[in-house]
Structure formats: structure tokens, C-alpha cells
*Asks:* 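Just dropping this structure here.
Computed from a predicted model, the values in this text were never measured in an experiment. Here is the naming used below: chain letters follow the sequence lines, and residue numbers restart at 1 for every chain.
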Amino acid sequence: MEYSFRDIEKKWQQNWKETGIYQVDNNSSKPKYYVLDMFPYPSGAGLHVGHPLGYIASDIYSRFKRLKGFNVLHPMGYDAFGLPAEQYAIEHGIHPAVSTARNIDTFRKQLDNIGFCYDWSREVRTSDPAYYKWTQWIFLQLFKSYYNRTAAKAMPITELVKEFEQSGNQSHPCPGDESIQFDAAGWGSYSPARQQEILMHYRLAFCGYGEVNWCEALGTVLANDEVVNGVSERGGYPVVKKKLRQWYLRITEYADRLLQGLETIEFSDAMKEMQGNWIGKSSGAEISFALADTNASLMVYTTRPDTIFGVDFMVVAPEHELIEKITTPEQRQEVEAYITYVKSRSERERQAEKKISGAFTGAYALNPFNGRKIPVWISEYVLAGYGTGAIMAVPCGDERDFRFAQHFSIPVTNIIGEAFNGNEANPTKDAVLSNSGFLDGMVMRNAIETAINRLEEMGIGKRKVNYKMRDAAFSRQRYWGEPFPIQWKDGTAIPLDETELPLLLPEVDSYSPGPEGEGPLANIPEWVAKELETNTMPGYAGSSWYFLRYMDPHNNETFCSRKASDYWNQVDLYIGGTEHAVGHLLYSRLWTKILFDLGHIGFEEPFRKLLNQGMIQGSSRFVYRVRNTKKYVSAGLAAQYETDKLHVDVNMVDGVELDTEAFRKWRNGEFAEAEFVLEDGKYICGVEVEKMSKSKFNTVNPDMLVEKFGADTFRMYEMFLGPVDQSKPWDTKGIEGVHRFIKKLWRLFFDETKGKIWTEEKATPEELKILHKAIKKTEDDTERFSFNTAVSGFMICVNELSDLKCNKREILEPLLILLASYAPHVSEELWHQLGNEGSVLDASYPAFIAEHVAESAKEYPVSINGKVRTSISISLSAGENEVQELVLANETVQKWLEGKPLKKFIFVKGRMINVVI
RNA sequence: GCCCUGGUGGUGGAACUGGUAGACACGCAGGACUUAAAAUCCUGUUCGCCGCAACGCGAGUGCGGGUUCGAUUCCCGCCUGGGGCACCA
């Protein structure tokens with residue numbers, strides 16, 4: 001009987017579907033375990049082999065946990081709102097809901113092919129009104145809440161109003177605008193509109209104004225990656241900054257808790273570091289510098305107030321509102337020209353720019369301690385959004401400031417004596433200060449406190465903890481997203497009543513942007529007549545809480561019952577790519593904390609453990625066309641010609657050898673007349689590792705591989721490729737090795753001519769040793785997500801059993817259970833062939849028995865001066881003295897000793913021996 | 001520019017806590033079976049040197065240093081691939 005994987009896999013996939021074997025109950029006496037994949041955006045291109053990597057890993061782990069006796073929740077769904085569908089709609093006139101549904105169908109078929117154990121009865125789609133009803137509902141909770149800094153948690157805004165009525169905002173400084181201060185009487189005297197305006201500065205979801213990339217020609221707002229060198233990627237039109245009304249989430253209030261929470265969860269150190277850097281907590285001081293010849297002052301933020309005597313100039317962000325006021329008439333033209341230049345620059349470009357640029361405003365600030373006049377410059381390297389948007393520049397201590405000073409010939413004051421060599425800045429905190437007035441003679445590190453204290457005494461500065469993180473922009477001028485349940489009445493945002501949810505996304509005739517940078521919803525007269533918000537929510541709205549909906553996906557009463565979330569609790573294992581390191585992971589951590597604060601769930605971190613999957617890169621293939629001809633030369637000969645390098649579809653290339661016939665037929669015969677210059681009768685392609693993408697013709701479709709080798713082979717091969725958390729290029733070639741392994745396993749059970757060949761004979765110690773080695777390896781490796789070495793463990797096991805011609809049920813049956821999480825179809829089939837009833841997934845995991853693998857002796861490697869020269873088999877019970885005696889008596893060791901005295905004898909039990917002479 | 005991460009044979013990778021570098025697989029070479037092919041099986045395969053052979057010598061984990069009896073693993077400096085940087089998801 002042959003291993004006919006197509007029949008077997010189809011049969012069991014059908015059976016699993018019919019028996020509902022993967023449906024999970026919220027009631028169980030077993031311990032719970034929640035395994036979650038980052039859900040995909042269903043793109044039109046379908047799955048390529050990179051997508052399932054994490055899904056296979058999570059599938060293996062879910063099945064493994066189930067075998068280990070857990071009630072495992074393992075759901076899947078779709079992050080179904082997004083820009084590509086909208087772009088497709090603009091180009092093809094197809095409603096995003098239609099194309100998205102079609103894409104989801106494709107995804108689902110592809111996923112089903114691979115034999116995943118998802119509980120599809122819990123599927124969610126963020127674009128489904130039954131789902132986004134609750135996204136809108138949660139938004140309303142954020143809108144109706146504020147962050148109580150005293151209690152360090154979110155609370156209903158109605159509580160805040162009560163406080164205001166009783167005692168004003170004395171104990172609740174306004175996070176949105178610190179200048180807003182009032183007492184109870186003051187609050188009472190404000191108009192309702194003014195009161196709402198003030199409350200907006202407290203809400204966790206609030207409306208404000210922010211800059212966006214505005215492209216006049218396209219009439220739309222662009223994402224950063226749609227802007228290249230100041231022009232739109234599509235069309236190359238100019239892009240400028242434009243201020244628009246935007247919704248925000250007040251994530252900055254949670255900065256500290258998001259930072260502290262990292263200590264309670266198992267994310268990799270790299271991931272925690274990235275989130276920490278994003279939050280960017282720093283402490284220092286805000287200092288107000290008086291400006292000469294005007295009564296205005298300039299507020300700067302610095303982490304190094306100790307260097308205040310070394311300030312040689314100020315740098316203000318070109319967007320800073322003070323510039324208008326302080327620029328002198330002589331400098332105005334230069335400053336305005338510079339601001340125009342900066343308007344076309346993205347933040348990224350501004351930070352990455354090596355070329356120094358700036359403009360002098362003509363204004364001077366005054367050093368509060370010695371009255372020195374400090375010129376005020378503007379430059380793109382200072383960003384408006386961070387700190388106060390202005391810095392005090394200390395060129396002797398900061399490299400960027402130093403280069404700026406050199407470039408504009410600004411004299412540099414040295415306040416650290418010999419620690420500054422005049423050629424480069426020295427950012428030390430350990431130098432002794434000089435030229436620094438009352439700080440002279442102090443070590444910088446200690447002077448920080450002294451300087452802050454003095455500034456506070458003088459009333460011109462104060463201690464300040466700062467965060468690089470900004471409030472999260474939460475609106476998009478787009479169509480395909482959740483509508484905000486907000487109405488605008490005379491400039492005041494009124495939340496819809498919860499009974500009016502979901503606020504359905506209306507049909508539109510055109511997906512083009514609305515007037516004045518508004519989204520497409522602004523084109524709908526009825527929508528505008530109802531004064532509804534025309535922005536929609538961003539992609540991360542739906543994905544910030546989806547892990548909760550899976551727990552209770554069909555609940556119409558609430559987003560997720562407290563009973564369900566108390567039972568399933570945190571996600572125990574979350575698998576996804578590092579590209580979400582900050583965005584998605586930080587936002588869902590925020591939402592979880594807010595829902596926790598408001599009492600809707602009982603835990604404040606969504607993901608207990610995070611496993612990052614690496615990217616599968618494409619291995620691109622190239623042909624070399626001799627310029628202006630139809631002649632293609634093989635890679636080895638390309639250097640002899642002037643050629644253009646063209647991507648070719650990797651599916652037409654076997655290894656590096658091009659299928660020239662397929663190439664001639666490719667793309668409707670575009671290359672039909674190609675002539676080839678071969679080497680050794682072959683056309684050899686060039687190779688490069690790049691991102692896997694349709695445009696590079698290097699995508700490999702899993703369907704094709706499943707069709708050719710079966711899902712079990714495909715799953716195991718994806719794992720075998722390398723560590724799951726590392727990026728690696730895809731190479732289809734190696735898949736045959738894994739396929740051979742499964743066929744070899746099959747032959748332990750079936751012979752082509754004889755049929756069933758397994759026996760009921762008793763296993764030998766040698767066979768038991770092989771089995772128990774495999775049990776240990778599979779368990780350890782799976783537990784530490786080392787799936788690639790687990791697969792090689794299976795190969796070793798099957799190779800060894802084949803060598804011994806072992807066909808005994810006593811060995812083979814437990815082996816199938818081990819294999820069931822990696823290759824579920826073939827394991828299920830053989831499990832039933834052996835006569836078992838019920839799924840192999842409900843078998844009990846074989847127990848590892850150490851005695852079966854115990855060794856009595858070890859072949860020790862013996863090194864002389866660290867170089868291995870021989871090996872000696874020694875009993876594991878032997879002590880060091882005994883070992884030394886044996887080793888020194890050894891012939892090879894004697895030869896190397898040449899009678900020289902022994903300096904040192906190193907013996908690591910069970911490991912190695914080193915003889916030092 | 002800033003932050004994170006990787007670099008080991010022809011290829012993917014293994015070596016888990018400083019202890020035999022190259023497990024397992026691909027590819028390649030040779031062989032067996034076969035009319036032939038497929039499938040399967042066996043042998044070899046880091047590089048260099050001597051060679052009949054060796055369980056003979058030397059080098060070797062991106063590059064250059066260092067710590068150690070011993071370094072792919074730890075430290076310092078460099079080179080280089082990948083990811084992220086707030087409206088792609």
C-alpha cells in the first residue's frame with residue numbers, strides 16, 4: 001500500500017470538518033491554553049509561503065498542548081479593513097466589501113489546504129458590522145473616559161465633571177493644555193460648549209489638530225511610505241504638510257504603565273527594548289529662556305541642564321509658532337524659504353539627513369545665569385512633536401550640535417576643559433565643569449540636580465519627565481474603515497447612543513476623497529446632513545481587541561462576556577512578525593489596560609508570551625538581456641556584455657537553471673523571440689535574496705507545493721527550514737528530503753508488496769532507546785519552539801528504526817502521537833490503520849522514561865592544549881583521579897606529552913577532557 | 001540618521017548553560033537494483049597539504065584584536081544582510 005497523501009489528507013480534512021473536532025468549548029475541566037496568530041490582512045495576492053510559517057508553528061503548538069491535556073483555544077480571523085482594498089476600489093470600481101470577501105475566500109481555501117486546527121466557528125472579520133459594532137462601542141468607552149493621574153487609571157468622564165463642579169481642576173491638571181485652570185465657580189460660568197471643549201482635552205479618545213502628508217494633486221492624505229523624496233509615489237506629485245482635524249488616543253497618559261507592564265510579560269528582550277525606545281522615557285528639565293528685545297520667552301526641554309553654560313545657540317523646529325513672532329525683518333526671507341523647504345520633507349528624511357541645514361531667525365535668547373546672548377536658529381533636525389519643539393544646543397557635548405556650529409561657524413564654548421578636544425563633541429557625564437558659574441568644579445552627573453534646583457528656585461524651569469511617544473493618531477481620511485459613532489453639533493462632538501450601534505458604513509458612488517482633505521464619507525449628502533463624523537478609524541482599531549472577541553464571538557449583548565474573558569484570560573502564546581513590534585502590540589496593550597481600568601475585563605496585559613516569527617524571504621532569479629537586443633546570456637557570461645538584469649518567475653527555474661521554453665511562453669509570449677547564450681548547455685540565472693513580493697516574481701504559492709507533496713510535507717518543511725524566529729530565504733528544492741522522510745515512515749508500517757508489516761512483538765532495549773530519545777527531543781524542542789530541530793529528531797528516529805527494521809507497534813504507536821502535531825494527516829491515518837478509534841489528538845502523550853536512554857560509558861574527546869587528539873571510552877561513574885590515570889596512560893596522549901610535565905588536567909564530567917602541558 | 005536583529009561547508013541549517021564545529025536535510029560525485037526510467041538503497045562530500053591509507057598534519061564559524069586550559073558562544077573595534085521609525089498591514 002502506497003503513501004497516497006492526496007487521498008489521506010482530503011479524507012481527514014473532511015472527517016475533521018464533519019466531526020467538529022476542533023470546536024472548543026468555554027466550559028471544560030481541563031486547564032485552558034490560548035494560542036493566537038496575528039490575523040492576516042486578506043490581500044488580493046493570496047497566501048505565499050511566508051504567511052503560513054507562524055500559523056504552522058502555532059498549529060503544532062496548539063495540537064501539542066491539546067495532547068498534553070489542555071483545553072486549547074486556537075482561532076483565526078481577518079483584519080479586513082485596509083487601504084489596499086480601497087485603492088483597488090478606486091481603480092476597479094469594486095466595492096471593498098466585495099473584493100475583501102473574495103480575498104477571504106481564497107485565504108480560507110489556502111489555509112484549509114494545510115490542515116490547520118482552527119476553530120472556525122469563532123472566526124471574526126473586523127469589517128463585519130457585528131464586529132465593528134463593538135469596536136465603535138469600545139471607542140465610545142474611550143471617548144467617555146479620562147485618565148485619573150491620582151488613581152493612575154481610566155475613569156468615567158462623568159466623575160471628572162462632578163469634581164470640576166465641586167473644586168475645579170486643581171487636582172486634575174489638564175493633559176491636553178496645561179494652561180487651562182479653573183475653580184468650581186469658573187467651571188460653572190463656562191458655556192456648555194466651552195465645557196465640552198475642556199473635557200475634550202481630558203478624554204482618552206479626543207479630537208485635535210495634526211499634520212498630515214497632503215497631496216493637492218491627488219486630493220488626498222498619503223501614508224509616509226507613499227511619499228518618496230517629497231513627492232507622491234503614485235504620479236510624483238508634490239506633497240506638503242497640512243493641518244487637519246484628527247482623532248487621537250491619549251496613549252501618553254499610559255506611557256509609564258506600558259513601560260512597567262513589559263516586566264510582567266514574556267516578550268523577547270529585543271521586543272521590550274524596541275517598545276521601551278518607542279515610549280522613550282527621559283527625565284530632565286524644561287527651561288524658559290527670555291528673548292532679547294521682546295517679552296516672549298522660549299521654552300526648551302533638555303536632559304542635560306548641567307550644560308547650560310555651554311549653550312551657544314538655540315534650535316527651534318521650523319513649525320514652531322514663535323518663529324513668526326521673533327524673526328527679524330532682515331532674516332525673514334531666508335527663514336521663510338527654509339520653512340518652505342522643510343514643509344516638503346518627511347520626518348524620516350529630516351532625521352536621516354546628513355547634510356546640515358538651517359536658518360538664523362535674527363533673534364537672541366538670554367542665558368538666565370550670565371545674560372549671554374544666544375542666537376536662535378531653526379533647523380529640520382529639531383522636530384516639533386518632541387519635547388517643546390526647541391532645544392538648547394551645547395556643541396561641546398552633542399555631536400549634532402557640534403557639526404551644526406561648525407557648519408555655520410558658531411563659536412563653541414568649552415565647559416569641560418580637557419575632556420573636549422575641539423574636534424568632536426564629548427557627550428560624557430563624568431567630566432568636571434568649568435566656565436560654568438555656580439556649577440564650576442562639579443562633576444556633570446551631579447550638577448544636573450543642582451542646576452534643576454536653581455532653575456526651579458528662580459522660577460524659570462522645572463523638572464520634567466518626557467516621552468518620545470506621542471498621542472496616537474486615530475483617524476483616517478478614508479472610506480474602508482469603521483465610522484466614528486460621533487455627530488458634530490455646532491462644533492461639539494456628541495457621541496451616538498449605544499443603542500444606535502453599529503453605525504453602518506454607508507454605500508458610496510465614488511471612493512475618491514472628499515473636499516478639503518476630508519474622507520470619501522464627506523461626499524455623501526445624507527451623511528453630511530446628519531452631521532456625522534466623516535473620518536474613519538485606522539487599521540489598528542479592530543486589531544486592538546480582536547483577541548477578546550474570539551472568546552465569545554457571537555455575543556450580541558456585549559463585546560465579550562466577563563465570564564468568557566475570565567475563563568480564557570490572557571493569550572498564552574501570541575505568534576507574529578516583528579514588524580508589529582511597536583504599532584499593533586502597543587495599541588492592543590493600551591486598549592487592554594483601558595478595558596481593565598473600566599472593569600470590563602480582569603487582566604491588563606493581552607499577551608502573556610510573544611513568539612516572533614522571522615520573515616521568509618524570496619530568492620529572486622534574474623536573466624541578463626544584452627542591451628537593446630532579444631539575446632539573453634547566462635549568468636556566468638553576463639560580465640562580458642552590457643546587459644539589463646530582469647526578474648524572472650522563480651517557478652520557471654529549477655535551482656538556478658532556467659526552463660527556457662517556459663520563459664518563451666511567459667507573460668503571453670512577451671519573450672517568445674528570446675535567444676539564449678548558454679554555458680555548458682544550460683541557462684544559469686542570477687540569484688538575489690529579497691523581500692517576497694509579486695512584483696519581484698519570487699513568490700511561491702503553498703497550494704502548488706501541497707498539491708505536489710502534501711500538506712504534512714509542506715508543514716514539516718516550513719519548520720525544517722530553520723529557526724522559526726529567524727528570517728531565511730525560501731528554497732523549494734529541499735522539500736523532497738522531508739517528503740522522503742514521511743514516505744520512509746510510511747514504509748515502517750506498509751510494504752509495497754506485502755501490505756501491513758507491523759507486528760506485536762516486544763521491543764528491544766535498543767528500540768526503546770530510540771523511541772524515548774525521540775520523546776524527549778520532541779517534547780523539549782516543541783516546548784522551546786525549536787521546531788526545526790524537532791523535525792530533524794523525527795528523521796533521526798525514523799532512520800534508526802529503519803536501520804533496525806523495527807516494525808513493532810510498541811514503538812510505532814507512540815511515535816505517531818509525537819508526530820501528530822507536526823504531520824496530523826498521516827499520523828491520523830496510520831493511527832486508525834493500527835486499529836485505534838477516535839482521533840490521535842485525543843490519545844495521551846507518551847511519557848519519557850529516562851532508564852531507556854541511560855548510558856553507562858562515554859566516548860570522551862581528549863584534547864592536548866585545547867586541540868582534540870583522540871577519544872577514550874570511560875565509564876560515566878569514573879571519578880577525576882581515575883580518569884586522569886586512564887588518560888595519561890593512553891598511547892596517543894603519551895606521544896603528545898613527549899615526556900613534558902603536566903601543567904593542568906581539566907575534566908568536565910560527561911563532556912570532555914583537556915590535557916594542558 | 002536612530003532603534004532592533006542576523007552573518008557557520010556549494011545551499012538551508014545543528015551545536016540548548018564557555019567544552020568533540022558542520023547533526024539533520026538539499027545539492028553534487030560514485031555505486032546497487034532496473035531493458036530503461038521513476039522510486040528505493042549504499043558510499044563519499046568544510047578547505048588545504050602529504051598520501052596506499054590513516055582514528056597524519058595545518059587552517060577554519062563575516063573581518064581585526066582581547067579574556068580563557070578551552071570561544072560559533074563572552075568583551076572591544078570594524079564590515080555587511082534584514083526589519084522598524086508613528087496614515088502599508
*Asks:* Could you work out the separation of B:A54 and B:C63 based on their P atoms and round it to a whole Å?
*Replies:* 29 Å
*Asks:* Just to confirm, is there a sub-4.0 Å distance from OP1 or OP2 of B:C26 to any side-chain nitrogen or oxygen of A:R740?
*Replies:*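 True: A:R740 side-chain N/O within range (under 4.0 Å) of B:C26 OP1/OP2.
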*Asks:* Below 4.0 angstrom from OP1 or OP2 of B:C26, is there any side-chain N or O of A:K733?
*Replies:*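 No.
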*Asks:* Identify, between A:V791 and A:N277, the residue whose nearest nucleotide on RNA chain B lies closer to the 5' end.
*Replies:* A:N277
*Asks:* Does a nitrogen or oxygen in the side chain of A:K743 sit under 4.0 Å from OP1 or OP2 of B:U40?
*Replies:* yes
*Asks:* Indicate, with a heavy-atom threshold strictly under 4.0 Å, whether A:Q726 touches base, sugar-phosphate, or nothing.
*Replies:*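 Here A:Q726 touches no strand at all.
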*Asks:* Could you tell me how far B:C26 sits from B:C76 if I compare only their P atoms? Round to whole Å.
*Replies:* 41 Å
*Asks:* Of all the nucleotides listed (B:A14, B:A86, B:G12), which has the minimum atom distance to the side chain of A:N788?
*Replies:*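 Out of B:A14, B:A86, B:G12, the nucleotide with an atom closest to A:N788's side chain is B:A14.
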*Asks:* Can you tell me if A:R911 touches the phosphate of B:G18, counting only side-chain N or O atoms and a distance under 4.0 Å to OP1 or OP2?
*Replies:* no
*Asks:* Determine whether a donor-acceptor pair (N or O, by modelled atom type, separation under 3.5 Å) exists between the side chain of A:R125 and the backbone of A:A80.
*Replies:*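 Judged by distance alone, no pair lies under 3.5 Å.
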*Asks:* At 4.0 Å (heavy atoms only), tell me whether A:G583 reaches a base, stays on the sugar-phosphate, or touches nothing.
*Replies:* nothing
*Asks:* Please report, to 0.1 Å, the donor-acceptor pairs under 3.5 Å made by any side chain of residues 37-52 of chain A, with sequence neighbours excluded.
*Replies:*
from: A:D37; atom 1: OD1; to: A:S58; atom 2: OG; distance (Å): 2.8
from: A:D37; atom 1: OD2; to: A:S58; atom 2: OG; distance (Å): 2.9
from: A:D37; atom 1: OD2; to: A:H74; atom 2: NE2; distance (Å): 3.3
from: A:D37; atom 1: OD2; to: A:Y118; atom 2: OH; distance (Å): 2.9
from: A:Y41; atom 1: OH; to: A:A85; atom 2: N; distance (Å): 3.1
from: A:S43; atom 1: OG; to: A:A45; atom 2: N; distance (Å): 3.4
from: A:H48; atom 1: ND1; to: A:G50; atom 2: N; distance (Å): 2.9
from: A:H51; atom 1: ND1; to: A:H48; atom 2: N; distance (Å): 3.0
from: A:H51; atom 1: ND1; to: A:H48; atom 2: O; distance (Å): 3.4

*Asks:* Which sits closer to the 5' end of RNA chain B, A:M469 or A:I796, going by the nucleotide each is nearest to?
*Replies:*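 With A:M469 and A:I796 compared, the 5'-side residue is A:I796.
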*Asks:* Identify whether the distance between the nearest side-chain nitrogen and carboxylate oxygen of A:R245 and A:E533 falls below 4.0 Å.
*Replies:* yes
*Asks:* Using the C1' atom on both, measure B:G60 against B:C47 and round to a whole Å.
*Replies:*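 Taking atom C1' in both B:G60 and B:C47, they lie 8 Å apart.
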*Asks:* OP1 or OP2 of B:C57 sitting under 4.0 Å from any side-chain N/O of A:R869?
*Replies:*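 For B:C57, OP1 or OP2 has a side-chain N or O of A:R869 closer than 4.0 Å.
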*Asks:* Using a cut-off of strictly less than 4.0 Å, decide whether A:R348 has a side-chain nitrogen or oxygen near OP1 or OP2 of B:A86.
*Replies:*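 Checking A:R348 against B:A86: at least one side-chain N or O falls below 4.0 Å of OP1 or OP2.
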*Asks:* Are any of A:N914's side-chain N or O atoms less than 4.0 Å away from OP1 or OP2 of B:U20?
*Replies:* no
*Asks:* Taking only the P atom of each, what is the distance from B:C74 to B:A25 in whole angstrom?
*Replies:*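 To the nearest whole Å, 29 Å.
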*Asks:* Quick check on B:A86: is either OP1 or OP2 less than 4.0 Å from any side-chain nitrogen or oxygen of A:R470?
*Replies:*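 The answer is no; no side-chain N or O of A:R470 sits under 4.0 Å from OP1 or OP2.
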*Asks:* What integer number of Å spans the C1' atoms of B:C52 and B:U46?
*Replies:* 24 Å
*Asks:* Residues from residues 42-54 of chain A sitting under 4.0 Å of RNA chain B, heavy atoms only?
*Replies:* none
*Asks:* Which of these nucleotides, B:A23, B:U40, B:G83, is closest to any side-chain atom of A:S792?
*Replies:*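 Side chain of A:S792 sits closest to B:A23.
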*Asks:* For B:G9, does the glycosidic angle fall within 90° of 0 (syn) or outside that (anti)?
*Replies:* syn
*Asks:* Picking from B:U11, B:C4, B:G83, which would you name as closest to the side chain of A:T578?
*Replies:* B:G83
*Asks:* Classify the nucleic acid contact of A:R747 as base, sugar-phosphate or nothing, counting any heavy atom under 4.0 Å across all strands shown.
*Replies:*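 Sugar-phosphate contact only - A:R747 comes under 4.0 Å of backbone atoms but never of a base.
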*Asks:* Taking B:G70 as the reference, what is the distance to B:A21 when you measure between their C1' atoms (whole Å, please)?
*Replies:*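 14 Å, rounded to whole Å.
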*Asks:* Which of these nucleotides, B:U5, B:C85, B:C41, is closest to any side-chain atom of A:W278?
*Replies:*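 Shortest atom-to-atom distance from the side chain points to B:C85.
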